[in-house]
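The structure under discussion appears below in the form of structure tokens.
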Amino acid sequence: MILLKIDEQLKIIKRGVVDIVTEEELINKLKSGKPLRVKLGIDPTATEIHLGHTVALNKLRQFQDLGHKAILIIGDWTAMVGDPTGRMEERPYLDKATVLKNVSSYKQQAFKILDKNNLDIVYNSEWFNKISFEEVLKLCSKFTLAQMLEHESFEKRYKEGIPLTLLEMMYPIMQGYDSVVIRADIELGGTDQKFNVIAGRFLQREYGMEPQVGLFTPILTGLDGKNKMSKSLKNYIGINDKPEDMYGKVMSIPDELIIQYFELLTDIDVEKIKDIKREINNGQNPMEFKKMLAYNIVTKYIGKKEAEFAKEHFQKTFSEKEIPYHNYKYSWDFETDEVTIADFLKKLKIVESNSDARRLVEQGGFYINDNRVDDFKRIIKKSEMPFTFRAGKKNFGIFE
RNA sequence: GGGGAGAUUCCAGAGCGGUCAAAUGGGGCAGACUGUAAAUCUGUUGGCUUAUGCCUUCGAUGGUUCAAAUCCAUCUCUCCCCA
């Protein structure tokens with residue numbers, strides 16, 4: 001693989017990157033002409049990768065395409081500890097079985113973005129299972145409390161009197177040690193990873209290595225337009241989402257996020273994105289661009305055919321107010337031929353309790369065959385099939 | 001090791017013997033409006049065969065009382081100050 005010229009590489013590398021520590025070191029590393037070892041760590045704390053994760057994954061892919069060596073660290077060990085970054089409370093300690101379960105699905109999802117060929121996948125349990133306590137102490141001796149408190153999350157928690165354990169403070173050290181073990185030249189991460197990445201630089205230096213360069217991508221804002229995209233806040237778009245859901249979720253983002261999403265989640269040319277920005281500012285309906293964005297994202301992560309489908313689905317559902325019941329087919333799966341609304345909704349996992357169901361009905365959010373149901377005591381009969389139902393805005397389907 | 005403060009429903013945070021399923025705000029959900037945007041407004045937000053009824057909930061366990069989130073004891077956890 002022949003590497004591109006340095007300035008051409010830099011142009012690609014720097015797209016969507018908000019900070020480099022340091023650019024000068026990066027250039028020097030590129031000048032060596034050798035493929036660089038580019039590290040990205042992901043902790044399998046949940047089963048699903050969402051678009052927030054893909055920002056850095058995309059960047060890693062770009063390095064692969066440039067001929068560098070991608071090293072994906074699966075933090076099966078660090079996942080148990082949990083990254084305390086940005087957290088105001090201790091994360092529940094994940095058990096090994098859960099983590100292992102997450103690992104396999106993570107890998108499958110990561111391959112949607114990464115090139116399998118030029119990729120090393122390593123688990124940090126490989127070294128953390130073996131590390132001696134002596135070595136751990138040695139690592140700890142490199143850091144002072146004051147250094148740790150430079151970490152904003154730690155300082156904040158400390159100052160506000162919120163519990164902060166030593167275990168959590170070990171996290172940056174562990175992540176840094178990963179870089180030492182795999183001899184990373186570059187580490188990718190969101191800006192929130194700065195402290196952890198810099199800890200890696202620090203440790204590498206202590207171990208007599210040239211420090212890695214930190215390359216930071218912005219944090220993708222979630223669907224609520226306020227917080228970072230995360231599973232726990234339920235403001236995410238999953239990489240395994242159904243095409244129509246992915247499309248729909250993109251359509252539901254606040255307008256202010258459109259440009260950010262274009263920049264971080266699509267391969268659309270930077271100049272083109274600037275044009276879009278200008279047009280929106282000139283009063284063009286942002287919805288049109290949002291549709292384009294949604295189409296692009298679905299195409300990229302799922303496929304063109306699915307994107308077409310999702311687009312049509314959206315058009316029908318929301319623009320023409322025709323609810324596509326037929327896309328969600330159900331068969332009569334109840335124990336009896338007659339069920340109450342509460343049982344119906346509980347079985348479909350739309351509500352969790354009878355009270356919940358009652359509320360939904362009382363508030364006018366339940367429809368059968370497009371007729372609002374006011375009577376909570378109404379019985380749904382198998383003989384009514386086929387019929388359509390709708391509960392709130394997001395849940396609907398047809399029984400046939 | 002010593003002293004002090006605290007643990008409340010999804011979150012923050014009131015309540016400090018009955019009127020407490022527990023104020024208020026945030027979040028969630030539903031409705032109106034709309035571009036499944038934002039903003040706004042309204043309702044709702046423990047559970048139960050809807051009942052001015054019952055059950056479970058205010059860190060845990062025991063106790064006092066006709067009655068406890070509220071008082072007492074012990075325990076667990078957290079924060080602060082001093083060593």
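Naming: A, B, ... by sequence-line order, numbering from 1 per chain.
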B:rC11 versus B:rG17 - spacing of their P atoms, nearest Å: 26 Å

Note, A:I71 side chain near A:L40 side chain (heavy atom, < 4.5 Å): no

Is there side-chain contact between A:L265 and A:L220, with at least one heavy-atom pair below 4.5 Å? yes

Testing A:Y367, A:F396, A:F344 for ring pair (Phe, Tyr, Trp, His ring centres under 6.0 Å) with A:F389, which one passes? A:F344

Ignoring hydrogens and geometry beyond distance, is the side chain of A:D255 in donor-acceptor contact with the base of B:rG35 at under 3.5 Å? yes

Which listed nucleotide (B:rG31, B:rG35, B:rC48) is nearest to the side chain of A:R372? B:rG31

What integer distance in Å separates A:Q260:CD from B:rA37:P? 19 Å

Look at all strands and tell whether A:K290 reaches a base, only sugar-phosphate, or nothing, counting heavy atoms closer than 4.0 Å. base

Between A:K29 and A:D185, does at least one N-O distance fall below 4.0 Å, as a salt bridge requires? yes

Give a yes or no on whether a salt bridge exists between A:K272 and A:E263, defined as a side-chain N under 4.0 angstrom from a carboxylate O. no

Using OP1 and OP2 only, check whether a side-chain N or O of A:S353 sits under 4.0 Å from B:rG47. yes

Check: B:rG31 base within 3.5 Å donor-acceptor of A:Q363 side chain: no

A:E362 CD to B:rU44 P, straight-line distance once rounded to whole Å: 10 Å

For atom P, what is the distance between B:rU64 and B:rC10, given to the nearest Å? 31 Å

Considering only atom P, compute the distance from B:rC55 to B:rA5 and round it to an integer number of Å. 37 Å

What distance, rounded to whole Å, do you find between the two P atoms, one in B:rA7 and one in B:rC16? 13 Å

Figure out the CD1/P separation between A:I280 and B:rG35, and round it to whole Å. 17 Å

In Watson-Crick or G-U wobble terms, with both distances under 3.5 Å, the base opposite B:rA22 is none

Report the relative orientation of the aromatic rings in A:F195 and A:F154; use parallel for angles under 30°, tilted for 30 to 60°, perpendicular for over 60°. perpendicular

Checking all strands, does A:L257 fall into the base, sugar-phosphate, or nothing category for heavy-atom contacts under 4.0 angstrom? nothing

Does the ring centre of A:F376 sit less than 6.0 Å away from the ring centre of A:F366? no

Identify which nucleotide among B:rG35, B:rU78, B:rU34 has an atom closest to any side-chain atom of A:P163, counting heavy atoms from C-beta outward. B:rU78

Between A:K394 and A:L223, which residue's closest nucleotide on RNA chain B lies nearer the 5′ terminus? A:K394

Distance between P atoms of B:rC75 and B:rC80 (Å, rounded): 23 Å

Does the structure show a Watson-Crick or G-U wobble partner for B:rG1, both distances under 3.5 Å? Name it, or say none. B:rC82

Could you measure between the two C1' atoms, the one in B:rG13 and the one in B:rG27, and give it in whole Å? 14 Å

Between A:S355 and B:rG46, does any side-chain N or O lie under 4.0 Å from OP1 or OP2? no

Calculate the interatomic distance between A:Y158 atom OH and B:rC80 atom P; express it in whole Å. 6 Å

What contact category does A:G248 fall into here, base, sugar-phosphate, or nothing, at under 4.0 angstrom with non-hydrogen atoms? base

Considering only atom P, compute the distance from B:rG18 to B:rA68 and round it to an integer number of Å. 11 Å

Taking CZ from A:R390 and C1' from B:rC29, how many angstroms apart are they, rounded to a whole number? 15 Å

Please confirm whether the shortest side-chain N or O distance from A:R359 to OP1 or OP2 of B:rG46 is below 4.0 Å. no

Going by purine N1 to pyrimidine N3 plus the second Watson-Crick contact, or the G-U wobble pair, all under 3.5 Å, which nucleotide sits opposite B:rG35? none

Whole-Å distance between B:rG28 P and A:D224 CG? 7 Å

Reading RNA chain B from 5' onward, which residue's closest nucleotide shows up sooner: A:E352 or A:E256? A:E256

A:D343 has an atom CG; how far is it from atom C1' of B:rC48, in whole Å? 13 Å

Output the rounded distance in Å from NZ (A:K156) to P (B:rA12). 13 Å

Interatomic distance at P, B:rA23 relative to B:rA14, whole Å: 14 Å

Any strand counts, and the cut-off is 3.5 Å on both contacts for Watson-Crick or G-U wobble. Which nucleotide pairs with B:rA14? none

